[in-house]
Enquirer: 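Provided herewith is a single structure, encoded as structure tokens, for subsequent inquiry.
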Number of protein chains: 2
Amino acid sequence: MTRRVADSPKPLYQQLADSLRAKIISGELSPGSQLPTEKDLCEEFATARQTVRHGLAVLVNEGLISPARPRGYFVRRHELSYVRPQSEWRPQPSSPEMDRWMEEQTTLGREPSQRISVEIIQPPSKVAERLNIQPTSLVVARRRVRYIDSEPFNINDTFYPYELVKGSEILNPADIARGASQVLTELGYEQVRATDEIEARMPLPDEVARLELGPGNPVLVHRLTGYTANDEPVRCTVNVLIGSKHVVLFERVKPGKASL
Amino acid sequence: MTRRVADSPKPLYQQLADSLRAKIISGELSPGSQLPTEKDLCEEFATARQTVRHGLAVLVNEGLISPARPRGYFVRRHELSYVRPQSEWRPQPSSPEMDRWMEEQTTLGREPSQRISVEIIQPPSKVAERLNIQPTSLVVARRRVRYIDSEPFNINDTFYPYELVKGSEILNPADIARGASQVLTELGYEQVRATDEIEARMPLPDEVARLELGPGNPVLVHRLTGYTANDEPVRCTVNVLIGSKHVVLFERVKPGKASL
DNA sequence: GAGTGGTCTAGACCACGGG
DNA sequence: CCGTGGTCTAGACCACTCA
């Protein structure tokens, strides 16, 4: 009946979102706690259910709350893990069965697991650019989804030019105990330099499915390209991380000050 | 009247979102092109306007489209810039009036500008942790919002322990011609090492305002902490980048292979 | 069964920008 | 002015889970 926002500076659904958001940020509504039900909010704001839902949807898409049907809405928890890309050039794992990442996670008391598959395909255009090859030539794609405590953690796809690695262990869809870098070195393509590109975006539908993401969950895309001493690209890794679960960490030393 | 999704595997609004998303990803609807109006979609999918709006809202929050009232919905364009954090340790700008970032942008043919303000405050908790100081002690916050061609580009806030920089040029809310690093060195706190932390999340309300963001726009947060040779933290920079406009770039060389 | 959120309708009025 | 999307209502039925 009434309403008409005319005299009010902001739409009602935004006022509702602002009000709840403020309580979340201030900590009045702490992570894991339950919000009032839609019905309660209808009464509190004297409005229709759709309007309340609109306001709640704003917060869902901001990643602040998430609905757990049919129990209600809850303030989201954000537990961050650190990822250290330079681990590429750190010591090899002690157990040959386990790759570097899995060992690291086990050390932290978590239960890591992964699923690996290998395909020979034409590369995605961005990968072709970085490997400096034609999009019609072939690459070996080693794809894995990594899990921690049975929850999807990241997607890690590495692409190698097929000509470089054909016939090698890289084609085998299992852990490479001594590390893929070692295999590349043995093939005569030692990786001595790498570039890292990092961007943030909303996930594509296939990423939503593979990482079991809901709304309000951006992904962090970390693209790593490795080069030989001749500046020849030998691999390109595309790492899709769940934004709310990862921080990527780098360490840098001022040139000429390497010896701390 | 009819409806009832019972016989259909997915809700109608999702079918609509899926259908349009597929056209966008395949390129049938190219960046910048206009989508059918809500009314058209109501007819095409034989449904009510709210349902169509629900489906469109999904795509808006995925960052794929954006409404330009009252002209209609358009497929979003994504133009990426690169940011190179190690520029910290690269040559100083040729013009003393211009800082490194502005020079870089000018070289690229863009029109950079920035607004700088300086405050003396108690640090945010994450900054206090990284500077290894009490949250109640004071820091100097140099805040800037950078613009390119009058559009907000990023937020760049640097925090220095007040005790370290009091009385210095750092307190002056203007460009520091020779660079803040140089000033720190002159004060006896040469930064020789840095850690970079990068994460992706949805923006907070103040970031939405300062960067003029709409829905479906995650931000990339780049937190840089600089240390002296004694491992004493001397500054912490928090860089908030618009996800859809930035790629962060690093370069790494295998230890012992530094001389390419 | 009761209560939660999820989907959907068929209307309504508003604000805004371009012809 | 007209057409666009933006806000809002007052209903309805569904699916799911927990007591």
Side-chain angles (χ1 to χ4, degrees), chain A residues 1-20 29 32-62 64-76 208 213-216, chain B residues 1-20 29 32-62 64-76 208 213-216:
Chain A
M1 310 295 113
T2 75
R3 201 138 0 292
R4 293 324 81 150
V5 207
D7 54 328
S8 188
K10 278 192 170 189
L12 235 182
Y13 79 93
Q14 275 190 30
Q15 294 179 39
L16 184 147
D18 290 347
S19 156
L20 291 175
L29 285 167
S33 65
Q34 183 168 9
L35 273 68
T37 65
E38 293 183 352
K39 192 158 150 289
D40 291 346
L41 291 168
C42 287
E43 291 169 11
E44 183 180 342
F45 288 83
T47 186
R49 190 171 156 226
Q50 284 289 9
T51 304
V52 167
R53 285 179 60 71
H54 193 170
L56 290 169
V58 169
L59 300 180
V60 169
N61 286 308
E62 288 177 357
L64 293 176
I65 66 176
S66 94
R69 214 179 47 157
R71 291 182 294 120
Y73 291 84
F74 291 82
V75 180
R76 276 180 52 179
V208 168
L213 297 173
Chain B
M1 306 299 112
T2 74
R3 188 156 10 302
R4 295 320 84 146
V5 208
D7 52 328
S8 190
K10 278 192 170 190
L12 235 182
Y13 80 92
Q14 275 191 30
Q15 293 178 40
L16 185 146
D18 290 347
S19 156
L20 292 174
L29 285 167
S33 64
Q34 184 169 9
L35 273 68
T37 65
E38 293 182 352
K39 194 158 149 289
D40 291 346
L41 290 169
C42 286
E43 292 169 10
E44 183 180 340
F45 287 84
T47 186
R49 190 171 155 227
Q50 284 289 9
T51 305
V52 167
R53 284 179 61 73
H54 192 169
L56 290 168
V58 170
L59 300 180
V60 168
N61 286 309
E62 289 177 356
L64 293 176
I65 67 177
S66 93
R69 216 181 45 158
R71 293 181 296 117
Y73 290 86
F74 292 81
V75 179
R76 276 181 53 179
V208 169
L213 297 172

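Throughout, protein chains are lettered first and strands after them, A, B, ... in sequence-line order, and every chain is numbered starting at 1.
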Enquirer: Take atom CG of L16(B) and atom P of dG6(C), then tell me their distance rounded to the nearest Å.
Expert: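 Between P of dG6(C) and CG of L16(B): 19 Å.
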Enquirer: Taking OP1 and OP2 of dT9(C), is either one under 4.0 Å from a side-chain nitrogen or oxygen of T51(B)?
Expert: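 Looking at the OP1 and OP2 atoms of dT9(C), one of them is under 4.0 Å from a side-chain N or O of T51(B).
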Enquirer: Once side chain to side chain contact (heavy atoms under 4.5 Å, CB included) is applied, do any residues pair with E43(B), and if so which ones, sequence neighbours excluded?
Expert: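 Only K39(B) meet the side chain to side chain contact (heavy atoms under 4.5 Å, CB included) criterion with E43(B).
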Enquirer: Within the structure, does a side-chain N or O atom of T47(A) lie under 4.0 Å from either OP1 or OP2 of dT9(D)?
Expert: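 Answer yes for this pair, as a side-chain N or O of T47(A) is under 4.0 Å from OP1 or OP2.
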Enquirer: To the nearest angstrom, how far is E38(A) atom CD from dT7(C) atom C1'?
Expert: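 Taking atom C1' of dT7(C) as the reference, CD of E38(A) is at 12 Å.
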Enquirer: By side chain to side chain contact (heavy atoms under 4.5 Å, CB included), which residues pair with S66(A), not counting sequence neighbours?
Expert: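 Listed in chain order: R76(A).
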Enquirer: Would you mind reading off the distance between L12(B) atom CG and dG6(C) atom P, rounded to a whole angstrom?
Expert: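 About 17 Å, once rounded to whole Å.
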Enquirer: Could you tell me the separation between the CD atom of E43(B) and the P atom of dT4(D), rounded to a whole number of Å?
Expert: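 Whole-Å distance recorded here is 10 Å.
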Enquirer: Could you tell me the separation between the CZ atom of R53(B) and the C1' atom of dA10(C), rounded to a whole number of Å?
Expert: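 Those two atoms, CZ and C1', are 15 Å apart.
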Enquirer: Within a strict 4.5 Å, meaning less than it, do heavy atoms of the L20(A) and L64(A) side chains meet?
Expert: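 Of all side-chain heavy-atom pairs linking L64(A) with L20(A), none is under 4.5 Å.
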Enquirer: Find the distance Q50(B):CD to dT7(D):P and express it as a whole number of Å.
Expert: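 Taking atom P of dT7(D) as the reference, CD of Q50(B) is at 11 Å.
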Enquirer: Whole angstroms only, please: what is the CZ-C1' distance between R49(A) and dT4(C)?
Expert: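 Whole-Å distance recorded here is 9 Å.
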Enquirer: DNA chain D: A48(A) or Q34(B), which has the more 5' nearest nucleotide?
Expert: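 Looking at DNA chain D, the more 5' nearest nucleotide goes with Q34(B).
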Enquirer: Taking only the side-chain nitrogens and oxygens of Y13(B), find out if one of them lies under 4.0 Å from OP1 or OP2 of dT9(C).
Expert: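 False: Y13(B) side-chain N/O out of range (4.0 Å or more) of dT9(C) OP1/OP2.
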Enquirer: To the nearest Å, give me how far apart CZ (F74(A)) and C1' (dT4(C)) are.
Expert: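 Rounding to the nearest Å, CZ of F74(A) and C1' of dT4(C) are 10 Å apart.
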Enquirer: Where the side chain of Q14(A) meets the backbone of V58(A), is there a donor-acceptor pair that is under 3.5 Å apart?
Expert: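 A pair under 3.5 Å: no.
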Enquirer: Suppose we call a contact any N or O donor and acceptor under 3.5 Å apart; does that hold for the side chain of R71(A) and the base of dG3(C)?
Expert: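 No such pair is found, so the answer is no.
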